[in-house]
Amino acid sequence: MASLSLGLSLSRKKNISRNAAVERKNLITVCRFSVKTLIDRSCFETIDDSAPEFVNFASILEQILSHRLKGQITWFGYESPRSFWDYIRVACSKVPHSCICSIENMENVSSSRAKGRAWIRVALMEKRLSEYVTAALRDFKTTRRFYDDGAIVLGEEANMLAGMLLGLNAIDFSFCLKGEGLDGSFPAVIDYTPYLKFTQSISSDEEELRTLGSSGSESSTPENIGPPFIMDENSWYNKCKRVEQKYRLALEQKGYLEELVRLREAQLSDSVSQNKLLLQRIERTELNHKLEKEQLEYIIVELQDQLKSFHSLGQLSADASLSQISFDPGQSQDGNGKHEGSHLTRDSTEITYSK
């Protein structure tokens, strides 16, 4: 009995792990298909809320980000359901120039699920959805706090998800953040029908090729050619329509790439002309600096010569003052003798007159 119960528990665990792996694989595969259909649709028109491809993609991404999301424990010990916006709001809070605060303060969006749907639309219009998801997945501690084991964001599929979302940066989206798509009262539902048709068309094409090869090898009688010929005509018509659509898509992409090349060539020519102007300006500046340097060197030489001449003049004035000082004592003595002689002469004259 113990071995039987052990075997049942092991088989149950295997079934649970298999079901979880299949669920993750299905969501990632259908997300890849939805991104492809969005890119194909964007070649012909701008994607808005009314596009069924976007509605399906938003539902798929919402279910991926809500896969095995933990509930919030209340004060009474009960677990209340959470929305993926609670995780994005915390994990992407450090993203520079993020839209988290603006979505949190939106007046017409109240519920957490509606805010998460508004975030998807704003991130797509900003062409930063892959950046937000990559930043959230890098915060592994926060991701572990919000999700249970086996979640897509905790597995290897998370890197695939970020890589797939990167291709959406080339699409121009236009959304209204007040529409019914933000209604958070209803859960997101995925429509698998377009992708089932896609795989069915692939399998039908392969089957047609096999029937064409087998019919040609088995028999070539007119009785066997009639009905298959009608089926082949229809199938070739469908194939021609698909080839025509692919050709138009290729033409659109070719025109876009040619326009992009012309734009890059114009930018390159502008950059080359600006580079030439900058080089000419640098040459003129270097020439002006060289001339100014030569002028300054000439001025320095002149100032040095003037300084030397001032030093020589100062030496000459000092020598002249010393020579004057050396000649002054004799002159003063001669002057005193002359004054005394004059006094004597004057006195002798006065004496003569008195006599």
Side-chain angles (χ1 to χ4, degrees), residues 23-24 27-28 30-31 34 47-51 54-155 157-158 161-162 164-165 168 173-191:
E23 185 180 7
R24 292 196 302 268
L27 286 174
I28 291 297
V30 78
C31 183
S34 66
I47 305 297
D48 56 7
D49 295 274
S50 62
F54 166 72
V55 175
N56 220 22
F57 168 76
S59 302
I60 293 167
L61 184 60
E62 184 174 342
Q63 289 206 14
I64 288 175
L65 295 177
S66 303
H67 183 249
R68 298 190 67 82
L69 183 67
K70 291 181 180 179
Q72 188 174 7
I73 306 300
T74 61
W75 288 98
F76 301 101
Y78 296 104
E79 185 175 352
S80 61
R82 256 178 180 165
S83 172
F84 69 93
W85 168 249
D86 299 326
Y87 162 68
I88 293 295
R89 179 173 51 84
V90 178
C92 297
S93 59
K94 296 181 180 179
V95 176
H97 308 291
S98 66
C99 60
I100 303 297
C101 294
S102 60
I103 292 175
E104 192 69 26
N105 297 326
M106 290 178 67
E107 296 179 355
N108 60 321
V109 180
S110 58
S111 65
S112 179
R113 181 182 291 172
K115 289 179 180 179
R117 292 174 179 176
W119 167 77
I120 292 175
R121 286 160 171 78
V122 174
L124 286 173
M125 287 191 290
E126 291 181 348
K127 302 181 186 296
R128 298 180 65 189
L129 182 61
S130 177
E131 179 185 354
Y132 284 117
V133 173
T134 303
L137 295 177
R138 284 177 182 171
D139 192 356
F140 190 71
K141 186 183 292 184
T142 304
T143 307
R144 289 287 303 174
R145 182 160 58 92
F146 277 86
Y147 289 91
D148 289 322
D149 293 334
I152 293 177
V153 295
L154 292 175
E157 297 85 357
L161 175 65
M164 284 187 292
L165 297 179
L168 298 177
F173 293 93
S174 178
F175 300 121
C176 178
L177 300 181
K178 297 181 180 180
E180 297 179 355
L182 300 181
D183 188 7
S185 58
F186 298 101
V189 179
I190 302 175
D191 182 14

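In this text, all values refer to a predicted model and were calculated from it rather than measured experimentally.
- Taken from OG in Ser130 to CE in Met164, the straight-line distance is 10.5 Å, to the nearest 0.5 Å.
- Of all heavy-atom pairs spanning Cys176 and Asp49, the tightest one is N-OD2, 2.9 Å.
- More than 12 heavy atoms of other residues, nucleotides or ligands shown are found within 6.0 angstrom of NZ on Lys127.
- The distance from the CD atom of Glu23 to the CZ atom of Arg68 is 8.5 Å, given to the nearest 0.5 Å.
- When side chains are defined from C-beta on, Leu27 counts as touching Ile190, because their heavy atoms get closer than 4.5 Å.
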Test salt bridge (charged side-chain N to carboxylate O under 4.0 Å, His left out) applied to Asp48 and Arg121, step by step
CA-CA 9 Å; Asp48 56 7; Arg121 286 160 171 78; over 6 Å; no
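- In this structure, the separation between OG1 on Thr142 and NZ on Lys94 is 8.0 Å, given to the nearest 0.5 Å.
- Counting all heavy atoms, side chain and backbone alike, Ser112 lies closest to Ser83 at OG-CB, 3.3 Å.
- In this structure the side chain of Arg117 never reaches within 4.5 angstrom of the side chain of Val109, judged on heavy atoms.
- Not counting sequence neighbours, the partners of Phe146 by the ring-ring contact (aromatic ring centres under 6.0 Å, His included) test are Tyr87.
- Side-chain contact between Ile100 and Trp85 is present, with heavy atoms from C-beta onward closer than 4.5 Å.
- Minimum interatomic distance between Val95 and Ala135 (heavy atoms only, all atoms of both residues): CG2-CB, 3.6 Å.
- Put simply, NE2 on His67 and CG on Leu65 are 11.5 Å apart, with the number rounded to the nearest 0.5 Å.
- Leu161 and Cys31 get closest at one heavy-atom pair: CD1-SG, 4.0 Å.
- In this structure a side-chain-to-backbone donor-acceptor pair under 3.5 Å is present from Ser93 to Val90.
- The shortest side-chain heavy-atom distance between Leu69 and Asp86 does not fall under the 4.5 Å cut-off.
- Proximity of Glu157 to Ile64: side-chain heavy atoms (C-beta onward) are nowhere separated by under 4.5 Å.
- Between Glu62 and Phe84, the closest side-chain pair of non-hydrogen atoms falls below 4.5 Å.
- When all heavy atoms of Ile47 and Phe175 are compared, the pair lying nearest together is O-CE2, 4.2 Å.
- Ile103 contributes atom CD1, which lies 7.0 Å from atom CE of Met106 (distance to the nearest 0.5 angstrom).
- With rounding to the nearest 0.5 angstrom, the CG atom of Leu124 is 8.5 Å from the CG atom of Leu165.
- Residues Ile120 and Tyr132 have side chains not in contact (no heavy-atom distance under 4.5 Å, counting atoms from C-beta outward).
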Checking side-chain contact (heavy atoms from CB on, under 4.5 Å) for the pair Arg128/His97: CA distance, chi angles, key distance, verdict?
CA-CA 11 Å; Arg128 298 180 65 189; His97 308 291; 4.2 Å; yes
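- Between Lys115 and Ile88, the closest side-chain pair of non-hydrogen atoms is not below 4.5 Å.
- Asn56 and Val189 get closest at one heavy-atom pair: OD1-O, 4.3 Å.
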